[in-house]
Colleague: 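Would you mind keeping the following structure in view while I ask a few things?
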2 protein chains.
Amino acid sequence: MVTMRDVSKLANVSVATVSRVMNNNGYVNERTKEKVLAAIKELNYRPNDVARSLFKGKSKMIALFVPDIRNPFFPELARAVEDISNMHHYTFILCNTDNDPAKEVNYLNALLQKSIDGVIIVSSTMSVKQLREIKVPIVALDRKLDAEFPAVTVNNREGAKIAVRYLKETGCKHIAHIAGPQDIISSSERMKGYLDVVQKEYRFSDDYIRFGNYTYEDAFEVAKELLTSHSTVDGIFAANDLMAIGVLKAAEYLGINVPNDLSIIGFDGITIGRTTSPTLTTMEQPIYIIGKRATEILLQQIEEPDRRIPSEEYKVTLIQRESTKERS
Amino acid sequence: MVTMRDVSKLANVSVATVSRVMNNNGYVNERTKEKVLAAIKELNYRPNDVARSLFKGKSKMIALFVPDIRNPFFPELARAVEDISNMHHYTFILCNTDNDPAKEVNYLNALLQKSIDGVIIVSSTMSVKQLREIKVPIVALDRKLDAEFPAVTVNNREGAKIAVRYLKETGCKHIAHIAGPQDIISSSERMKGYLDVVQKEYRFSDDYIRFGNYTYEDAFEVAKELLTSHSTVDGIFAANDLMAIGVLKAAEYLGINVPNDLSIIGFDGITIGRTTSPTLTTMEQPIYIIGKRATEILLQQIEEPDRRIPSEEYKVTLIQRESTKERS
DNA sequence: GGTGATTATGTAACCCGTTACATATATATT
DNA sequence: AATATATATGTAACGGGTTACATAATCACC
């Protein structure tokens, strides 16, 4: 491997001068600079980032923790984080945590040993105590972590309200909810939004709520049960698109026409919702944008560790497709 | 940060001894070892991987190049690579190349500067000349790169033949093909497999082939055109599932019943194919397995750079779902 | 008791880029 | 001409593990 010493010898200067040329700092005579640049080019010299990292204590790497990249919500997020990292010459590390606190801690420790510069975390299981001890910047994404860490999220409760109100406006009388795991804040917020709209109604029943694990299969099963036992249900708000598709499939399985006999609305706005039949009405999150912002905030925190950056909350947008009726 | 010197002072030994204890090599007296371990524990010492990397010239990091993680084929692959990396205590770096040779080269150079230990590449645009010059192990995944690099792929041609034969067996007479980009080998192999089966038939027409860009939208458009201009077509083999779904949607748009009037079969076996209506018949690739094997091979190459590991080719499996008729 | 192998531990160089500090020349200011 | 300031470059320490080599103690065997 070509090192700075090799360059310095060829250019007849000291390593310090080569370093100055590389980093464009300090005083370097124009002619010396040219000599050095020529030597760099001739040897095709590339600085060793590891040595640089060792001295600086910074690695120019950031990590993203997601539960599982196979969940279709996360690739878009990951893409955004990677794009912005790359743009700022940071290397992007991806970690699948499976919502497992042990894995989260292991990853974090391993990354700290590698002098990771910052971490973006999508998690509801992360040990906050652990996080407080470390000094690298942390940004929470999609799910809030702790007031201490800036978070980039969407207004889940408001979005849920819009979704359920929309079902009402299109004529649904008995609106059920397939809720997500309640330890995930975004999920419990969505349920709150649902309750905000329907709880006071005389038609409402606690039994209109079913819990799924944010997966297609789960929702398929609980929706089948719900629709079989409650034939009056004519609208379902699912806490995410994956579960909404499970509901769609359950309705298909039971021979229930969507949207004529049953309206279904999801949450997230993942691409797959455009390929089902009927296509899925959903509350779309600005997924790429929140990923992008989380990364920008993280990078800012890395550059200026003292400045406190406020959390950001984005709005979700109703996307009307075929799984709900037209507003009359 | 706690360093080895801190530990060595507390334990009253030299840094060399601490290093020996950490790495379990060389001679260390049992009682000394205990003293050192106690000191490590008391100080909660964690070695600095950057310093280790600098000396060893290895980083314990591997990278995966994919065109775009948002393409639903890649998350499963990425998950496999990450799982195996993690299992072997390697850190996983993800790069989205957008099939852009310039981006590929930039990533590669950036990673080499970070002493990356190996790279798994899904690409048909990668400059092989560039790759030959570098000394870190490379493994090709999904698409062959060059005989020089071990590749983990599936038998695309054979899979395509099985798909098209299956369409014939279920009664299709006029089988069309939505082909993928021909510069992607896997894609051109699939077309060859299609031609292997139908080209000799008197009914076959060159005009039964349309080209898409592996995307849903592309396929939707070309399938609409194909089905409008060739009403005799009663079977379509799409080069990947995403395009097959585009075809499905085009048929729905044109009021063509699938599978009664038109059978559709895809390739890949991505999850989304289970959520469409009708669900998608496809040639399933063992995605996780090829990702896993590619990683294992890469890690082996890293441990034993001299040993040449042969390429591996996996079989694809026909998954019968609702977009094709039953075999009579 | 002597020779050699085994065990045990420390010193210091090394990996490679960065930068504080020293030194020196050139230019500007009064 | 003297002093201050800007420009230019080099030396060497530093970051934190790793390991070759040196040294020394213990043990085995004849």
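Chain letters run A, B, ... following the sequence lines, proteins first and then strands; every chain starts at 1. The model shown is predicted, which means the values in this text are computed figures rather than measured ones. Scope of the values below: all heavy atoms of this structure, side chains included, with no hydrogens, waters or symmetry mates.
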Colleague: Check whether any side-chain N or O of A/Thr32 sits under 4.0 Å from OP1 or OP2 of D/dT9, and answer yes or no.
Modeller: yes
Colleague: Ignoring hydrogens and angles, tell me if any N or O in the side chain of A/Ser311 forms a donor-acceptor pair with the backbone of A/Pro150 under 3.5 Å.
Modeller: no
Colleague: Separation of A/Asn24 atom CG from C/dT19 atom P, in whole Å?
Modeller: 13 Å
Colleague: Give each protein N/O atom lying under 3.5 Å from an N/O atom of nucleotides 3-7 of chain D, with the pair distance.
Modeller:
from: D/dT7; atom 1: OP2; to: A/Tyr27; atom 2: OH; distance (Å): 2.8

Colleague: Does the distance from a Lys or Arg side-chain N to an Asp or Glu carboxylate O, for B/Glu82 and B/Arg79, drop under 4.0 Å?
Modeller: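 No.
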Colleague: Tell me yes or no: between the side chains of A/Tyr214 and A/Asn71, is some donor less than 3.5 Å from an acceptor?
Modeller: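 No donor-acceptor contact under 3.5 Å links the two side chains.
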Colleague: Which letters describe nucleotides 11-24 of chain D, given B = protein heavy atom under 4.0 Å from base, S = only from sugar-phosphate, - = neither?
Modeller: B--BBBBBB-----
Colleague: Between B/Asp49 and A/Lys114, does at least one N-O distance fall below 4.0 Å, as a salt bridge requires?
Modeller: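 Answer for the salt bridge query: yes.
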Colleague: Whole Å only: how far is the NZ atom of A/Lys58 from the P atom of C/dT18?
Modeller: 15 Å
Colleague: How would you label the contact of A/Asp6 with the nucleic acid (heavy atoms, under 4.0 Å): base, sugar-phosphate, or nothing?
Modeller: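 Touches nothing.
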Colleague: Under 4.0 Å, counting only non-hydrogen atoms across every strand here, what does B/Val13 touch: a base, just sugar-phosphate, or nothing?
Modeller: sugar-phosphate
Colleague: Between atom CG of B/Leu10 and atom NZ of B/Lys35, what is the distance when rounded to the nearest 0.5 Å?
Modeller: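 Here the rounded value is 10.0 Å.
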Colleague: Run through B/Ile62, B/Leu108, B/Ile134 and flag the one making a side chain to side chain contact (heavy atoms under 4.5 Å, CB included) with B/Val119.
Modeller: B/Leu108
Colleague: Just how far, in rounded Å, is P of C/dT7 from NZ of B/Lys33?
Modeller: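 Result: 14 Å.
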Colleague: Between CG of B/Leu145 and OG1 of B/Thr153, what distance do you get to the nearest 0.5 Å?
Modeller: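 Interatomic distance, B/Leu145 CG to B/Thr153 OG1, rounded to 0.5 Å: 11.5 Å.
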Colleague: Is a side-chain N or O of A/Ser59 found less than 3.5 angstrom from the main chain of A/Ser115, in a donor-acceptor match?
Modeller: yes
